[in-house]
Protein chains: 2
Amino acid sequence: MAQTNTSQMLKGVLQGCLLIILNDEPSYGYAIMQRLTGFGFGDVPKGTIYPLLLTMERKQLIASTMQQSPDGPERKYYHLTATGQAERQSFIADWHNLQHNVTQVMALEDEQND
Amino acid sequence: MAQTNTSQMLKGVLQGCLLIILNDEPSYGYAIMQRLTGFGFGDVPKGTIYPLLLTMERKQLIASTMQQSPDGPERKYYHLTATGQAERQSFIADWHNLQHNVTQVMALEDEQND
DNA sequence: TATTCTAGTTGGTAAAGCATACTAGTAGGA
DNA sequence: TCCTACTAGTATGCTTTACCAACTAGAATA
């Protein structure tokens with residue numbers, strides 16, 4: 001990914017995606033990064049995902065518990081709080097709204113024939 | 001609109017939308033704001049749209065010509081440059097890509113039944 | 001012991017939306 | 001004539017957020 005055009009469009013969206021992913025299943029930073037890659041987001045750098053998780057924890061959207069790892073240091077497993085649940089639903093609504101608006105603008109592209 | 005959640009998600013998207021709108025028809029700041037409102041984006045503040053247009057002009061994505069107005073000061077009409085055309089197509093591709101990825105994440109919401 | 005992989009933290013930068021304040025032209029009412 | 005309101009745009013600074021770079025640390029292996 002890195003300093004592309006898309007990285008600006010990610011703003012706000014990334015946090016929302018983390019809320020959905022962690023709602024599906026509690027997880028830790030390293031694994032979340034790989035999961036995002038699997039969803040089509042290039043290789044989201046750790047300098048993006050770890051600080052974002054910290055910020056979200058401070059905002060009390062998510063909470064964490066430390067757990068042993070079979071191969072390395074302890075892992076910080078995050079799960080959604082009640083506030084996080086609400087924020088997640090709010091994000092879904094906001095995304096659908098944005099998607100709708102942009103789609104309308106994009107429609108200008110297709111009516112070039114008149 | 002103002003300091004909501006959506007204002008972060010607008011980043012990068014707004015410029016792309018302006019490129020599409022100005023490609024459809026050259027226009028000026030004030031009218032563009034009203035057109036965006038019509039597309040569902042709340043009332044995009046002038047503190048957002050005017051500086052953005054200036055930045056895009058400096059990046060040479062758009063160019064301008066002054067024209068008389070029937071009711072007020074002169075209007076600055078913007079139109080796309082060749083660079084702007086390329087950037088517009090690049091935005092469309094990036095948006096489709098982002099849309100696809102987020103849709104995949106959102107799919108986690110619907111498989112909660114198992 | 002040194003290296004490598006895993007896991008996370010801290011500090012700083014750049015981009016972009018937004019608010020605020022300012023400059024100006026036109027028009028209408030007191 | 002003066003004041004207000006509407007239109008149109010510029011300049012400056014704030015805040016949020018993705019990203020980078022540098023650092024700390026545990027566990028495993030050579």
Side-chain angles (χ1 to χ4, degrees), chain A residues 1-19 27-36 41-59 61-62 64-78 87 91 94 98 101, chain B residues 1-19 27-36 41-59 61-62 64-78 87 91 94 98 101:
Chain A
M1 190 149 308
Q3 66 287 12
T4 57
N5 211 327
T6 22
S7 88
Q8 282 300 322
M9 298 203 299
L10 263 188
K11 287 184 196 289
V13 175
L14 243 191
Q15 169 176 300
C17 287
L18 291 201
L19 288 173
S27 184
Y28 57 99
Y30 212 79
I32 294 173
M33 282 169 48
Q34 294 169 331
R35 202 154 180 209
L36 280 174
F41 302 86
D43 57 324
V44 183
K46 47 190 286 188
T48 294
I49 182 76
Y50 282 120
L52 176 54
L53 286 170
L54 279 183
T55 304
M56 289 169 68
E57 192 176 20
R58 291 199 194 99
K59 285 192 211 161
L61 298 176
I62 55 180
S64 62
T65 57
M66 299 303 290
Q67 286 184 33
Q68 293 295 329
S69 159
D71 40 23
E74 280 192 309
R75 292 168 175 168
K76 202 170 176 182
Y77 277 78
Y78 289 100
E87 181 62 27
F91 163 72
D94 288 342
L98 178 67
N101 297 345
Chain B
M1 189 148 308
Q3 68 285 16
T4 58
N5 211 326
T6 20
S7 87
Q8 283 300 324
M9 298 202 300
L10 265 187
K11 287 183 197 288
V13 175
L14 243 191
Q15 171 176 300
C17 287
L18 291 201
L19 288 173
S27 185
Y28 58 98
Y30 212 79
I32 294 174
M33 283 171 47
Q34 295 170 330
R35 200 153 183 210
L36 281 174
F41 302 87
D43 56 324
V44 183
K46 45 192 289 187
T48 294
I49 183 76
Y50 282 120
L52 176 54
L53 286 169
L54 281 182
T55 304
M56 289 169 68
E57 191 176 22
R58 290 200 194 96
K59 285 192 209 161
L61 298 175
I62 55 181
S64 61
T65 56
M66 299 302 291
Q67 286 183 32
Q68 293 296 329
S69 159
D71 41 22
E74 281 193 309
R75 292 168 175 166
K76 203 170 175 182
Y77 276 78
Y78 289 101
E87 181 62 27
F91 163 72
D94 288 342
L98 177 67
N101 297 344

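FYI, side chains are in, hydrogens and waters are out, and symmetry mates aren't considered; it's all heavy atoms of this structure. Reminder, nothing fancy here: chain letters follow the sequence lines and each chain counts from 1.
Between C17(B) and F41(B), some side-chain heavy-atom pair lies under the 4.5 Å cut-off.
In this structure, L61(A) places its CG atom 14 Å from C1' of dT17(D), rounding to the nearest Å. If you take NZ of K59(A) and C1' of dT17(D), they are 9 Å apart, rounded to a whole angstrom. In this structure, the CD1 atom of I32(B) is 16 Å from the P atom of dT7(D), given to the nearest Å. Following rounding to the nearest Å, M56(B) (CE) and dG9(D) (P) show an atom-to-atom distance of 14 Å. Atoms CG (L52(A)) and P (dC20(D)) sit 14 Å apart, rounded to a whole Å. If you measure from atom CG of L36(B) to atom P of dC18(C), you get 11 Å, rounded to the nearest angstrom. For the pair M33(A) CE and dC19(D) C1', the computed distance is 12 Å after rounding to whole Å. Between I49(A) atom CD1 and dA21(D) atom C1' there is a gap of 18 Å when expressed in whole angstrom units.
Considering only residues two or more places apart in sequence or on other chains, K76(B) meets the salt bridge (Lys or Arg N to Asp or Glu O under 4.0 Å) condition with E57(B). Contacts of D94(B) classified as side chain to side chain contact (heavy atoms under 4.5 Å, CB included), with partners at least two apart in sequence or in another chain: N5(A), T6(A), M9(A), S90(B). In this view, K46(A) satisfies the side-chain hydrogen bond (donor to acceptor under 3.5 Å, both in side chains) rule with no residue, not counting sequence neighbours.
Residue T48(A) has no polar side-chain atom (N or O) positioned under 4.0 Å from OP1 or OP2 of dA18(D).
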When you check every protein heavy atom under 4.0 Å of nucleotides 25-30 of chain D, what one-letter string (B, S, -) results, 5' to 3'?
-> BBS---
Criterion side chain to side chain contact (heavy atoms under 4.5 Å, CB included) on Q15(A) and E87(A), from CA distance to verdict = CA-CA 10 Å; Q15(A) 169 176 300; E87(A) 181 62 27; 4.0 Å; yes
List the steps, then state whether side chain to side chain contact (heavy atoms under 4.5 Å, CB included) holds for L36(A) with N101(B).
-> CA-CA 9 Å; L36(A) 280 174; N101(B) 297 344; over 6 Å; no
Would you check, one step at a time, whether the test side chain to side chain contact (heavy atoms under 4.5 Å, CB included) holds for E74(B) with Q68(B)?
-> CA-CA 5 Å; E74(B) 281 193 309; Q68(B) 293 296 329; 3.3 Å; yes
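Atom CE of residue M56(B) and atom CG of residue L14(B) lie 9.5 Å apart, to the nearest 0.5 angstrom.
Side-chain proximity of S7(A) to the nucleotides dA18(D), dA8(D), dG17(C) is greatest for dA18(D).
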Residues 48-55 of chain A side chain polar contacts: donor-acceptor under 3.5 Å, at least two apart:
unit_1: Y50(A); atom_1: OH; unit_2: Y30(A); atom_2: N; d: 3.4
unit_1: T55(A); atom_1: OG1; unit_2: P51(A); atom_2: O; d: 2.9

For nucleotides 9-14 of chain C, print each protein N/O atom paired with a nucleotide N/O atom at under 3.5 Å, atom names and distance only.
unit_1: dT9(C); atom_1: OP1; unit_2: K76(A); atom_2: NZ; d: 2.6

